[in-house]
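Everything below concerns the one structure shown next.
Naming: A, B, ... by sequence-line order, numbering from 1 per chain.
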Amino acid sequence: MKGDTNMVMTRQTNPQPADGGGALIVNFRASAIKVREALSMLLDYLAPLGLPQDRIDTIQLVLAEVLNNVTEHAYPDGDGGPIYLRAIVENAQLSVIVRDRGVPLPPSLILWDGKDGFDPSDLPEGGFGWHLIRSLASGLDHNRLARWNELKVVFALT
Amino acid sequence: MELSARQLGPYLVVDISEQRIDAAIAIAFKDAVRDIGAKSSADVILNLEAVKFIDSSGLGAIVAVMKSLGSDRRLHLACLSPAVEQVFRLTRMDSVFTIHPAPEAALNGHEG
């Protein structure tokens, strides 16, 4: 497992704010702490839009689940592989693309089967993440591109 | 991991000072609350007033804490922010815990 100290988080220089039509691009190595930082950058990027707090909460939660999933399952050896995140606001929607070079995402995970995969009375300690993503994202699309997973998550902003 | 514990009537109240219970802190959170709970035999109220964000890792940690208390003791939750409440509601885990608007509300609740 690589240490975090030599992992540099990059974002494009002089990014335009979301309300100016600019995109946010963040490249980082998968780790729970880096996910926190990337989410913080996303919230800063969205701040000029003045979205209602519940919309902000939802966006942060879904992206947290997406990025945690990459960290834990795309890179199961904890090797902190690369994550590329690109967010852009266009036509009253936020589109976020997340790419990783890890284990292919099982397509079944993004399909909405109309029912839940767990029973609260069983007291599960995991498996909530994809349920939250499917419940809260306005749109989801996954592609396997050569050696990359690409997940596109869309949120309606109106 | 910042938390403290106090007695409130028959309950052990654990006040969480962290603003986020996420993947970065879930294991430390689970261990810290479980250790505090193990020093008492009272039902536990987890005061989440300071918590503004929780993800599925944090939710899983709270479920693990509840299990660690065993079948004789209950875990109550208090002061859920809208973002935290949403996670419990969407996963239907709000049906598993007794949720209070404030720790003190447990004293005159109907959960006996």
What part of [X] lies closer than 4.5 angstrom to a heavy atom of chain B: side chain, backbone, both or neither?
X	answer
A/Leu136	side chain
A/Ile133	neither
A/Thr71	neither

A/Asn91 atom CG, neighbour heavy-atom count above 12 within 6.0 Å
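No, the 6.0 Å shell around CG holds no more than 12 heavy atoms from other groups.
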Counting only heavy atoms from other residues, nucleotides and ligands, does the tally under 6.0 Å from CD of A/Glu150 exceed 12?
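Yes, enclosed.
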Considering only heavy atoms and a distance below 4.5 Å, find which of B/Ile54, B/Leu59, B/Val87, B/Ile25 pairs most often with chain A.
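Winner by heavy-atom pair count: B/Leu59.
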Please round to the nearest 0.5 Å and tell me the distance separating atom [atom1] of [X] and atom [atom2] of [Y].
X	Y	atom1	atom2	answer
B/Asp55	A/Leu132	CG	CG	9.0 Å
A/Ser135	B/Arg89	OG	CZ	10.5 Å
B/Phe53	A/Leu39	CZ	CG	6.0 Å

Can [Y] be reached from [X] by stepping across I, L, V, M, F, W or Y side chains whose heavy atoms are under 4.5 Å apart?
X	Y	answer
B/Met1	B/Ile36	yes
A/Leu140	A/Phe155	yes
A/Met41	A/Leu43	yes
A/Val154	A/Ile88	no
A/Leu49	A/Ile56	yes

If you define the side chain from C-beta out and look only at heavy atoms, does anything of A/His131 sit under 4.5 Å from B/Ser56?
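A side-chain contact is absent here, since even the closest heavy-atom pair is not under 4.5 Å.
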Is there side-chain contact between B/Gln86 and A/Asp54, with at least one heavy-atom pair below 4.5 Å?
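Not touching, per the 4.5 Å side-chain cut-off.
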side-chain contact (heavy atoms from CB on, under 4.5 Å) between B/Lys52 and A/Gln53, intermediate numbers included
CA-CA 11 Å; B/Lys52 302 305 174 207; A/Gln53 188 59 44; over 6 Å; no
